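To keep things clear, I will list the structure first and then write my remarks on it.
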Amino acid sequence: MKVLFDKEYLQELYTKGKSPDKKHRFQPDVVRRYIKVIDIMVEAENVSVLALIGGLHYEHLTGHKAGISSVRVNKKYRVEFTEQVEGNETIATICNIIELSNHYD
């Protein structure tokens, strides 16, 4: 699966393990789990694989976040992303990471 990052701080959290600004700082454990989840997404053939991994709690969001999907980082945080198919191939799903959000906000 191809993973694109909508916000630069999310890409830096993944590639460098930290964010350049003070606003987007997370506990080291949250960053480590975030990197692990992104690694799983990159290795997955498509989003159907995410649904098979129970700990991720893959779901399509509803309400004002309709059209966005999410997977859990831990009990408090999740990664929200949009799904798109590239070309005519259904297995090539592009996930655009929208936000690392507090799950209960």
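Remember, it's a predicted structure, so these values are computed and weren't measured experimentally.
- Between F81 and L50, the shortest heavy-atom contact is CZ-CD1, 4.1 Å.
- Taking the centre of each ring, F5 and Y14 come in below the 6.0 Å mark.
- One finds the OG atom of S70 at 4.5 Å from the CG atom of L61 (value rounded to the nearest 0.5 Å).
- E83 and S69 share a donor-acceptor pair across their side chains, judged by distance under 3.5 Å alone.
- The heavy-atom pair separating L10 from Y34 by the smallest distance is O-OH, 3.0 Å.
- In this pair, Y9 and H24 present their aromatic rings parallel. The plane angle is below 30°, not in the 30 to 60° band.
- Remark: side-chain polar atoms of Y58 are not paired, donor with acceptor, to backbone N or O of L52 under 3.5 angstrom.
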- [ ] Take K65 and E80 through the test salt bridge (charged side-chain N to carboxylate O under 4.0 Å, His left out) and record every step on the way to the result.
- [x] CA-CA 9 Å; K65 291 193 175 192; E80 298 176 348; 2.8 Å; yes

TODO: Could you give me the CA-CA distance, side-chain angles and deciding distance for K36 and D39, then say whether salt bridge (charged side-chain N to carboxylate O under 4.0 Å, His left out) is met?
DONE: CA-CA 5 Å; K36 185 178 177 181; D39 285 342; over 6 Å; no

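- Q27 pairs by the side-chain contact (heavy atoms from CB on, under 4.5 Å) definition with V30, not counting sequence neighbours.
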TODO: Before giving the answer on side-chain contact (heavy atoms from CB on, under 4.5 Å), spell out for H60 and T62 the whole-Å C-alpha distance, their side-chain angles and the decisive distance to 0.1 Å.
DONE: CA-CA 7 Å; H60 294 282; T62 58; over 6 Å; no

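- Atom-to-atom distance recorded for I38:CD1 and M1:CE is 10.0 Å, nearest 0.5 angstrom.
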